[in-house]
Amino acid sequence: MSRLRVLSGIQPTADSFHLGNYLGALRQWVALQDDYDAFYCVVDLHAITLPQDPVLLPHRTRVAAAQLLGAGLDPDRCTLFVQIHVAEHTELAWVLGCMTGFGEASRMTQFKDKSAKDGTDQASVGLFTYPILQAADILLYQADQVPVGEDQRQHLELSRTLAQRFNHRYGQTFVSPQPYILAEVAKIYDLQDPTAKMSKSSSSPQGIVDVLDEPDVIRRKIARAVTDPGSEIRADPETKPGVTNLLRIYSALSGEPVATLEAQYSGAGYGGFKKDLAELIVASFAPIREKTQQILADEAGLDRVLAHGAAGARRVAGQTMTVVRDRIGLLRAVPDPDGA
């Protein structure tokens with residue numbers, strides 16, 4: 001019996017993934033490759049919905065891929081590739097865009113939120129059609145399941161709607177993807193503002209723990225993390241959001257329930273607790289950082305891994321697009337009889 005297929009992607013918009021990325025996605029992607037036919041994509045086309053430095057973007061794309069490998073993705077057990085290396089993504093996005101209503105796209109929450117914040121004049125057409133490209137990413141590989149968090153659930157519903165619409169109009173072509181609900185991980189908050197989600201776009205550098213941070217940098221960030229009045233180490237999001245955030249991080253990395261940690265540190269001060277947490281994070285990220293650095297030191301080798309992944313992705317994507325083109329009546333190309 002063939003394995004179910006999963007697909008997920010991550011943007012290369014920073015020099016390192018952060019703790020929230022690792023706990024919420026990367027660690028779970030590694031586990032999925034054991035039981036699924038897993039496709040993982042560095043989605044550089046999605047990244048350019050906002051301006052990117054053309055010198056930094058290819059570097060960050062390699063760094064993103066290297067971190068995925070460093071975290072445990074195995075190119076022999078999954079297909080890892082870069083979005084731009086598979087041209088069928090943009091071709092299918094155009095086809096699906098021609099089947100998506102303007103009002104339908106306008107209702108996507110992320111576009112509404114970002115355009116409301118910056119104004120529609122500042123929002124690009126690319127940002128508007130982002131969910132359609134995302135649908136193409138998924139449907140192109142006939143993904144059975146898509147790992148999603150709550151913020152992406154609406155986009156997956158659009159993918160399902162477009163798959164069903166195409167199938168109804170042209171005949172059974174696409175798998176209608178189901179959500180794969182990732183194991184629940186408590187939301188990780190900013191170390192300096194424990195009421196705000198840890199985020200590259202809104203957090204200060206001191207509010208984020210990066211996967212590639214050096215050990216002493218991690219120790220300083222945890223030591224300076226905002227705590228709360230009093231010295232009791234207990235979870236209470238309302239009155240002790242800082243300590244609650246640190247307890248959640250500790251629990252997610254150690255596997256110990258928050259209640260166990262509360263009992264373990266009963267009567268202890270913040271200093272010892274923070275020191276232990278910092279060492280846990282250092283120990284968790286050190287092998288990933290070291291392997292990532294080794295992979296990046298062999299840029300040609302990394303590019304070969306990505307080329308191999310792209311070749312595998314193109315085989316699947318090409319099969320899908322051959323069917324799509326035939327179903328909608330696009331004329332097939334034929335070889336030039338003169339060989340020109």
Side-chain angles (χ1 to χ4, degrees), residues 10 14-29 31 71 109-110 113-114 117 147-153 181-289:
I10 194 163
D15 292 319
S16 174
F17 298 138
H18 61 68
L19 180 63
N21 301 140
Y22 174 73
L23 293 174
L26 308 189
R27 186 170 67 170
Q28 303 190 59
W29 288 9
T109 302
Q110 286 193 357
D113 290 348
K114 290 180 180 179
K117 178 181 177 182
V148 290
E150 282 302 318
D151 61 337
Q152 293 296 324
R153 188 180 291 271
I181 307 303
L182 291 167
E184 186 174 355
V185 175
K187 188 179 291 184
I188 304 302
Y189 290 87
D190 189 307
L191 298 180
Q192 295 300 311
D193 179 6
T195 64
K197 182 180 177 181
M198 187 179 287
S199 167
K200 284 289 187 181
S201 61
S202 58
S203 298
S204 69
Q206 291 305 309
I208 299 172
V209 176
D210 281 329
V211 173
L212 300 184
D213 275 342
E214 293 291 334
D216 284 347
V217 173
I218 293 173
R219 294 183 181 106
R220 284 196 298 271
K221 287 181 177 180
I222 297 300
R224 296 170 183 171
V226 168
T227 48
D228 313 286
S231 60
E232 186 181 3
I233 297 173
R234 62 180 174 84
D236 184 340
E238 296 301 320
T239 64
K240 298 179 79 68
V243 172
T244 300
N245 187 40
L246 297 180
L247 279 167
R248 287 171 174 167
I249 293 170
Y250 202 133
S251 175
L253 287 174
S254 69
E256 294 287 347
V258 168
T260 301
L261 295 172
E262 289 175 324
Q264 179 181 335
Y265 287 97
S266 177
Y270 290 153
F273 170 66
K274 283 184 168 183
K275 182 178 179 181
D276 290 350
L277 173 58
E279 293 309 317
L280 174 61
I281 297 172
V282 167
S284 299
F285 285 169
I288 299 174
R289 186 182 68 257

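Side-chain contact between Tyr270 and Ile233 is present, with at least one heavy-atom pair separated by less than 4.5 Å. At a threshold of 4.5 Å between non-hydrogen side-chain atoms, the residues Tyr22 and Leu253 count as touching. Using a 4.5 Å heavy-atom cutoff, the side chains of Asp15 and Leu212 are not in contact. Side-chain contact between Ile288 and Leu26: absent, with no pair of heavy atoms (C-beta onward) separated by less than 4.5 Å. Between Ser284 and Leu280 the shortest side-chain heavy-atom distance falls below 4.5 Å. Put simply, the side chain of Leu191 reaches to within 4.5 Å of the side chain of Met198, judged on heavy atoms. Arg289 is listed as a side-chain neighbour of Pro215, based on a closest heavy-atom distance under 4.5 Å. Considering only heavy atoms from C-beta on, Ser251 comes within 4.5 Å of Leu261 through its side chain.
Using cut-offs of 30° and 60° for the angle between ring planes, the Phe273 and Tyr250 rings count as parallel.
Taking each heavy atom of Arg248 and Pro237 in turn, the nearest pair found is NH2-CG, 3.7 Å. Across all their heavy atoms, Lys240 and Thr244 have their closest contact at O-OG1, 2.6 Å. Contact detail for Ala278 and Ile218: the closest heavy-atom pair is O-CG2, 4.1 Å. The two atoms that bring Ala225 and Lys274 nearest to each other are O-NZ, 2.7 Å, heavy atoms only. When all heavy atoms of Ser16 and Asp210 are compared, the closest pair comes out as OG-CB, 3.5 Å.
The structure places CZ of Arg219 at 12.0 Å from CG of Asp213, a figure rounded to the nearest 0.5 Å. Note that CG of Asp276 and CG of Leu246 are 12.0 Å apart. Values are rounded to the nearest 0.5 Å. Atom CD1 of residue Ile188 and atom OG of residue Ser199 lie 13.5 Å apart, to the nearest 0.5 angstrom. Remark: Asn245 CG to Lys187 NZ distance equals 11.5 Å, nearest 0.5 Å. Asp228 contributes atom CG, which lies 8.5 Å from atom CG of Asp236 (distance to the nearest 0.5 angstrom).
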Exercise for the section: Go through the steps to decide whether Ile10 and Trp29 satisfy the test side chain to side chain contact (heavy atoms under 4.5 Å, CB included), and finish with yes or no. Expected result: CA-CA 11 Å; Ile10 194 163; Trp29 288 9; 3.9 Å; yes
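Gln28 places a side-chain N or O within donor-acceptor distance of the main-chain N or O of Leu23, the cut-off being under 3.5 Å. Using a distance-only test at 3.5 Å, with no hydrogens or angles considered, no donor-acceptor pair links the side chain of Thr227 to the main chain of Val243. Using modelled atom types, no side-chain atom of Gln206 and backbone atom of Gln192 make a donor-acceptor pair closer than 3.5 Å.
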